[in-house]
Amino acid sequence: MILRALLCGLIAASSASDARAADDPLDTVTVTASRERMRREILSFVHKVTRLEGEFVGRWGRFVCPMAVGVSDAQAQFIQHRIIEVQNKVRKKHPDRDAVCQPNLFIIITDEIDQVLEDWKERDPGMFRWKSREGVARSGGTGPVRTWHNAILVAAGGGSSAQSSALTQMSTTSPNGISAPSCPLVGRIAAGCWEHINAVVVLVDARAAKNVTLAQLADYISVVSLSQIDLSADLGGIDSILRLFAQPGPAIPPAGLTEWDYAFLNALYRVSYSPANQQRDIAARMVRELAPR
């Protein structure tokens with residue numbers, strides 16, 4: 001009886017082992033297929049949300065100094081502190097606390113967005129004539145949140161810079177007349193140059209944003225101000241705070257920045273600006289973070 005029980009146990013163990021061995025290849029195939037699917041989703045996402053020209057992906061060269069208006073002091077401080085917190089996390093740098101902070105990120109929250117825009121156009125009509133290299137206005141569109149980015153083209157060696165990208169056409173001289181750095185072209189890409197954001201304006205329609213929390217709004221603004229995002233991009237089912245104002249929106253909007261958002265920002269602020277295709281480099285870094293082997 002004892003011998004028979006032992007034999008039965010060995011047979012059962014052997015069968016279970018064989019079953020696991022048979023499952024191993026399927027598990028490997030499943031994981032590989034899942035990773036490949038995510039790789040395609042990430043590459044599509046990066047191409048959709050980054051600048052339409054596809055050559056440079058702007059990021060801040062200096063520290064962000066946000067200023068929010070149109071809300072209470074406590075709410076403004078919450079938004080400002082959150083943006084700085086996200087910046088410090090993804091850039092792994094902290095600004096000098098003793099340094100004088102000159103606002104370069106302006107957040108305007110208003111329930112009279114059309115009037116604000118009209119007044120703004122009267123005060124600064126040139127802003128709304130500025131175009132990108134492809135002749136497309138670098139405004140964030142007509143949704144609840146609109147963005148305007150200024151960026152400078154900086155030589156890899158740290159030379160003088162030329163006004164370019166978000167709010168202006170690429171030019172061969174800087175606004176003060178100083179000659180811009182020479183950026184040799186590889187195809188349509190200016191090699192050896194970085195595109196650094198130096199100022200952003202974020203305009204928020206308070207009426208359209210009334211159903212979101214202050215934390216959600218602060219995180220959304222963090223992403224669209226720390227990078228140049230095409231706010232009209234269709235993100236499908238991607239789990240990102242960028243879907244906060246999507247139509248149709250997710251059944252349960254993200255409560256804040258997601259792993260996907262952090263992966264994008266982490267990649268953006270670590271990508272080398274030497275490769276010809278920065279978008280592919282960003283996507284590859286996101287894959288390594290979100291779907292490690």
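If you read the sequence from its start, that first residue is 1, and numbering goes on from there. Keep in mind that this is a model prediction, so the values were computed, not measured.
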message = For G58, is there any backbone N or O sitting under 3.5 Å from a side-chain donor or acceptor partner on Q228?
response = yes
key: 4.5 Å side-chain heavy-atom contact, R82 and L257   = yes
task = Quick one: do D119 and Q115 satisfy side-chain hydrogen bond (donor to acceptor under 3.5 Å, both in side chains)? Show the steps, please.
result = CA-CA 6 Å; D119 293 344; Q115 186 62 51; 2.9 Å; yes
key: Salt-bridge criterion met for K48 and D234 (N-O under 4.0 Å)   = no
key: Validation row: N104, R62 side chains within 4.5 angstrom (heavy atoms)   = yes
query = Under the ring pair (Phe, Tyr, Trp, His ring centres under 6.0 Å) criterion, do Y269 and W60 qualify, and how do the steps go?
reply = CA-CA 9 Å; Y269 281 92; W60 286 86; 9.1 Å; no
query = Is any NZ, NE, NH1 or NH2 atom of the basic residue among E289 and R285 found under 4.0 Å from an Asp or Glu carboxylate oxygen of the other?
reply = no
ask   = With side chains defined as the heavy atoms from C-beta onward, is the minimum distance between D261 and Y220 less than 4.5 Å?
value = no
request  = Give a yes or no on whether R280 atom CZ has more than 12 heavy-atom contacts from other residues, nucleotides or ligands under 6.0 Å away.
outcome  = no
request  = Please name the pair of heavy atoms, one in A206 and one in I109, separated by the smallest distance, quoted to 0.1 Å.
outcome  = CB-CG2, 4.0 Å
message = Just checking E85: does its CD atom have more than 12 heavy atoms from other residues, nucleotides or ligands closer to it than 6.0 angstrom?
response = yes
task = For residues V69 and T110, determine if any side-chain heavy atom of one lies less than 4.5 Å from a side-chain heavy atom of the other.
result = no
inquiry  = Restricting to non-hydrogen atoms, name the atom on S222 and the atom on V86 that form the minimum distance, rounded to 0.1 Å.
reply    = OG-CG2, 3.9 Å
query = Are I84 and L265 grouped together when hydrophobic residues (ILVMFWY) are joined by side-chain heavy atoms under 4.5 angstrom apart?
reply = no
key: Any H149 side-chain heavy atom under 4.5 Å of V201 side chain   = no
message = Could you tell me if the side chain of C65 sits less than 4.5 Å from the side chain of Q102, heavy atoms only?
response = no
